[in-house]
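Taking it in order: structure first as C-alpha cells, then the write-up.
Reminder, nothing fancy here: chain letters follow the sequence lines and each chain counts from 1.
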Amino acid sequence: MKVLNFYPERCTGCRECAMACSLVKFGECNPRKSAVTVIRDEFKRYEYAVFCLQCDEPVCVDVCHQNAYTVEDGVVKHDDDRCIHCRLCAAMCPYSAITVHGKDIVKCDLCNGDPMCVKYCATNALVYEEETKEMALKRKEMVERILGTP
Amino acid sequence: MLDRKIGIVDLSRNSVKIVDMPKDIRAKYLGGRGINTYLLYKLLRKGVDPLSPNNVLILGAGLLTGTLVPNSSRFNVSTKSPETGFLGDSNCGGFFAPEMRYAGFDHIILKGKAKKPRYVYVEDGDIEIRDARDYWGMNTNDAQVSFRKNLGDVEVACCGTAGENLVRFANLRTGVKNSAGRCGTGAVMGSKNVKAVVAYGTMGLKIKHPQKLLDVVKEVEDYILGSKLTPILGSVGTPLLYEVSNELGAIRTKNSQLNQWSDSLNAENIEKEVEKMIGCSSCIVHCRHRNKLGGEGPEYTSVGLLGANVGIDDVKQVIELQNIANDLGLDVSSAGTIIAWAFELFELGIINEKMTGEKLEFGNFEQARSLLHDIAGREGFGDILAESTQAAKKFGKKSEDYLIAVKNLPQSDPHDVRYIKAFALGIATASRGADHLRSRPTLEIFLRLPKEVKERIYGKGVSPDPTSYDGKEKTVYFSDNIFAVVDCLGICKFICHGFNSPHFLDYPRFEALLEAATGMKYGRRKMEAVGKRVIDTERMFNIRQGLTRKDDTLPKRYFDDPMPMGPTKGHHIDRNEFDAMLSRYYKLRGWDEKGMLAPSRVEEIKSVGGLP
C-alpha cells in the first residue's frame, strides 16, 4: 500500500505543498488552511511538514462522537456533513496533523491516490510510495508507544 | 486575490486608515514595485528630506505573491532614498510579503514620525500601532526572534541598529536572509521611530481559476526544473557568478583597482560551509544557503563586495562579515563598496589617520569587521562612512574620482562593467542608481551564445560580442521592462527570461499565470506596457528630484582606466560610444535627447485615477 512519506533533509520550507493543498480543497492559496503544514523556523534552522499519517488505529476515529471519521481502503476520511466542528479530533491527534481553520476541519485524504502536495513538491521531500511491511510495523509500534496502548 | 487593501499608517497622528485598491491603479501597475512607484510619485513632493516625517515608506506585495505561482514571495519597499536623494526602491523575498497578504494587505504606507519607538502590527484586516520600547536597540536577528517569542508565528520586516542610527545604507530585513537591501529603506524606517512591521494572517488568497492555475503552474514548474541551470542555482546559488566573472577578469577587486581575485572564493569552497539549501515562500529553485556560521548566504554580492573588493580571500571571513552586516541591518553592497573606497582613498593619501583614527588597509578582516559595527553605531570614522556616497563631502572633491557609484548609489553588482557594455548601460540608466537587478542581461556573460538567440530575445541588430556597443540599448530595454513586470507580479528574477537563462519565463507564461490567478487578461503588449509605464513613472519621480542626462553615467574609473588584468585587459568604456548608446536607449524609451519624457506621456501617467 502506498503511503505519504516526508524527508526533512530535502525540504526547503517553500510551502508549495500547502499552497497546492489549500488550492485544491478550498480554491485559495493559504498555508494555514491546508492538510499539510510546513512548520519552519529560520532562526532555529528547521523545516518540517506535518500531515496525517493515516494511522492503523486512528485516534480521530475513536474520539469522534459524531462518527464523522471513517477508514476506507486504509485512508482515514473526514465527512464534513457529519462533523459538528468540535475540534476534538484535532486536539487529540498525537501528531497534530489535523488543521483547524475557523470552522473548517482540514484533514488529508491523499487526494484519491494522487496527492497534490507530492505533485507540487519540487525537491521530492514529500513522496507517495509503497510502504513496506517493515515500515508498516514500525509505524504501528510507534503509534502504540505514543498512545500507551498495552 | 484582488480584495487586499492599502493600509495607511500615520505615525505622527497615531492613526490608521484602510482603503480599497483603486481599480485604475491596479490595472495600470498590477502590484508590487509598480503600484509602490505610482503611490510614491503621488504622495511625495519635490525636495522632501528623506529622513524627515514628510517622506513615506511603502511596503507593497506583488500581485501574485503568496500563491502557488513558483517563486512568488516578493515585495517592494519604496521611498525617497536617504542614500541617493533619488528613487529609493528595493525588492525582497522571504516569507513576510505572503504573510502581509494573508493578513489582508497588499500595500502598507508608513507616513509621519512616531513620538516614541513603535512597531506596526497587522493581523487579518486590522492594523495597530504598538509600543516597541522592548525591541528598540536590538539587531535584526534578536528583534525577530523576540517578536516571534512574544507574538507567535509572525513574519517581521524590521530595521537593525543601523536603521535606528540613520545609516544611509541601512536596510529592512526579514528572516535570517532576506533584505530590502538597497537605498537606505531601514534608515527611513528608523527615522519614523518604527522598528518593524509585523504580520500574521489567516486569510487565504482566493484564486479565480483554481484548476487552471494548478495546470499552468505544473507546466511552468516542469519547464523550469527541466532547465540545466536550475539544479546549479539550487545547489550553489548566486556564488556561481563569482567564478564566471573572475575568470573573465571582471570581478571588482580592491575598489576596482584590479579586476581579478582569488579562486578561494569560488562556489565550490563556499559549498563546504553550507549546511542546507532552502527556499523562500513558493520557491522551487531554493538558492538560499543555510551556512554553518550561524546565518544564511553568502550571495554573490557579498562574496564580491565583502571579499574581493575589500581584499579578503577567506571564505569563512567573508561569510562572517556578511552575517554581521545582515544582523546589523546594513546593505552589503553599499558597505563593501564604501569601505573599499575608503581603503583606496587612504592608500592614495586623500584621507589620513587624522580622520580615520587608524591606518586603513585592504585585506584586514578585523578592521573590516569593526568598521561594520562602527558604521551601524555611527562611531568614530564609521560615522562618516555611514553617510555612504555623501561622505565625499568630508573626503573632498578628489575622492569622487574613485567612487564606484551611479546616482549616488554604490554599485551592487560585483561585476566590473568596463568589458560588457550592456551591463554598463544598465547600471548607468537604472532608476535607483548603480544596480544590476533593474536590467542585468546576464546572458551577455555567456560569450558563446549564438547571435540568433540574442536577436530572438532582444531584437535585431544586437551584437553577439559583449564588448560591442551595437544594439546594446535593446538588451537593456528588454530586460528593464520585463524585470519591472516581474517586480510588479512579485516573482523572483531567478526564473525570469534573460536574467540567467534564455529559457526561463517570458511574457506568455506570466500572462497565463496572471489570468489563472486573477482573471485579468493581459496580452504581451499590454503586459510589457506595464513595465514601460513603471520605468517612466520612476523617471518622472527622479526628474522631479532634479535628475538630468548627466546622472545617467558611470564611475569615472570605468571611462578612464583600462582594466589591468586577465582576458578583459585594456577594456574600458569609451565616452563617445557610451553617449551614443545612451541616446539610442532614450529614443527606444520615447525620451528626448535630454532624457525627458514627452509632456503627453507625463499627463497620461499623472491621470491614472483613484489616489487613496
Side-chain angles (χ1 to χ4, degrees), chain A residues 6-50 90 96 99-106 111-112 114-126, chain B residues 1 64-73 94-95 98-99 101-102 141-142 144-145 148-149 153 174-178 200-211 213-214 217-218 221-222 224-225 230 234 275-288 290 294-296 517:
Chain A
F6 174 64
Y7 297 90
E9 68 279 11
R10 297 183 203 157
C11 178
T12 66
C14 77
R15 312 187 296 193
E16 281 288 84
C17 50
M19 300 284 179
C21 180
S22 55
L23 186 53
V24 167
K25 293 201 179 325
F26 299 100
E28 62 184 74
C29 290
N30 188 350
R32 287 201 170 87
K33 196 175 178 180
S34 162
V36 53
T37 307
V38 180
I39 309 293
R40 47 176 293 284
D41 192 319
E42 291 174 23
F43 297 94
K44 292 179 181 166
R45 301 163 75 95
Y46 68 81
E47 30 285 316
Y48 199 95
V50 175
S96 287
T99 300
V100 178
H101 186 275
K103 279 191 78 179
D104 291 307
I105 301 289
V106 194
C111 298
N112 295 318
D114 184 19
M116 287 298 126
C117 51
V118 171
K119 206 168 173 177
Y120 288 87
C121 177
T123 59
N124 297 322
L126 281 166
Chain B
M1 189 75 188
L64 299 179
T65 294
T67 67
L68 182 71
V69 172
N71 301 37
S72 61
S73 68
F95 290 80
E99 200 67 29
R101 297 198 86 192
Y102 304 145
N141 289 331
D142 280 349
Q144 291 185 78
V145 169
R148 289 169 70 86
K149 191 175 160 199
D153 195 16
T174 178
V176 177
K177 165 70 189 298
N178 299 91
Y200 180 86
T202 67
M203 299 156 66
L205 297 164
K206 282 278 179 207
I207 299 299
K208 185 78 178 176
H209 306 294
Q211 190 53 49
L213 187 66
L214 285 160
V217 167
K218 192 68 214 156
E221 210 178 275
D222 289 345
I224 294 167
L225 295 177
T230 308
E275 189 179 293
K276 185 183 182 186
M277 297 300 283
I278 56 173
C280 295
S281 187
S282 298
C283 173
I284 62 170
V285 177
H286 52 80
C287 75
R288 294 165 61 163
R290 175 172 286 156
E296 288 184 27

Residue selection (most heavy-atom pairs with chain B, distance under 4.5 Å) from [options]:
| options | result |
| --- | --- |
| A:M116, A:E9, A:E47 | A:E47 |
| A:A18, A:C121, A:P31 | A:P31 |
| A:G102, A:C29, A:A122 | A:C29 |
| A:R10, A:K33, A:H101 | A:H101 |

Open item on the list: Under 6.0 Å from the ring centre and within 45 degrees of the ring axis: does the NZ or CZ of A:R40 meet both conditions for the six-membered ring of B:F95?
Closed with: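 Satisfied, under 6.0 Å and within 45°.
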Is there a side-chain contact between [X] and [Y], using heavy atoms and a 4.5 Å cut-off?
| X | Y | value |
| --- | --- | --- |
| A:E16 | B:L68 | yes |
| B:E99 | A:R32 | yes |
| B:I284 | A:C14 | no |

Task: Point-to-point distance, once rounded to the nearest 0.5 Å, from CD1 of B:I207 to CE of A:M19 - done: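 Interatomic distance, B:I207 CD1 to A:M19 CE, rounded to 0.5 Å: 9.5 Å.
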Task: Pairwise distance SG(B:C283) to CZ(A:R15) - rounded to 0.5 angstrom - done: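 These two atoms lie 12.0 Å from each other.
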Task: Proximal component of A:K119, with respect to chain B [non-hydrogen, under 4.5 Å] - done: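 Interface part for A:K119: both.
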Open item on the list: Can a donor-acceptor pair be found, under 3.5 Å and without considering hydrogens, that links the side chain of A:Y120 to the backbone of B:L214?
Closed with: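 Checking the backbone N and O of B:L214 against the side chain of A:Y120, a donor-acceptor pair under 3.5 Å is found.
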Task: Expected output: side-chain B:K276 to main-chain A:Y46 donor-acceptor under 3.5 Å - done: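 No; zero donor-acceptor contacts below 3.5 Å.
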Task: Atom group of B:D153 that falls short of 4.5 Å from chain A, counting heavy atoms - done: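 Its backbone and side chain both get close to chain A.
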Task: B:Q211, part contacting chain A, at a heavy-atom distance under 4.5 Å - done: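 No part of it gets close to chain A.
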Open item on the list: The criterion is ring pair (Phe, Tyr, Trp, His ring centres under 6.0 Å); which residues satisfy it with B:Y200, sequence neighbours excluded?
Closed with: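 By the ring pair (Phe, Tyr, Trp, His ring centres under 6.0 Å) rule, B:Y200 matches no residue at all.
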Could you have a look at [options] and say which one has the most heavy-atom pairs with chain A under 4.5 angstrom?
| options | result |
| --- | --- |
| B:M277, B:R288, B:K177, B:M1 | B:R288 |
| B:G201, B:A517, B:P98 | B:G201 |
| B:H286, B:M203, B:E296 | B:H286 |

Open item on the list: Looking at every non-hydrogen atom in both residues, tell me the closest pair between B:G204 and A:N30 and how far apart they are.
Closed with: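 Result for this residue pair: N-ND2, 3.1 Å.
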Open item on the list: Going by the rule side chain to side chain contact (heavy atoms under 4.5 Å, CB included), which residues pair with A:F43 if we only count those two or more places apart in sequence or in a different chain?
Closed with: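 With sequence neighbours excluded, A:F43 shows a side chain to side chain contact (heavy atoms under 4.5 Å, CB included) to A:D41, B:N141, B:Q144, B:V145, B:R148, B:V176, given in chain and number order.
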TODO: Flag yes if more than 12 heavy atoms outside B:K218 fall under 6.0 Å of its NZ atom; otherwise flag no.
DONE: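 It does: B:K218 NZ has more than 12 such atoms within range.
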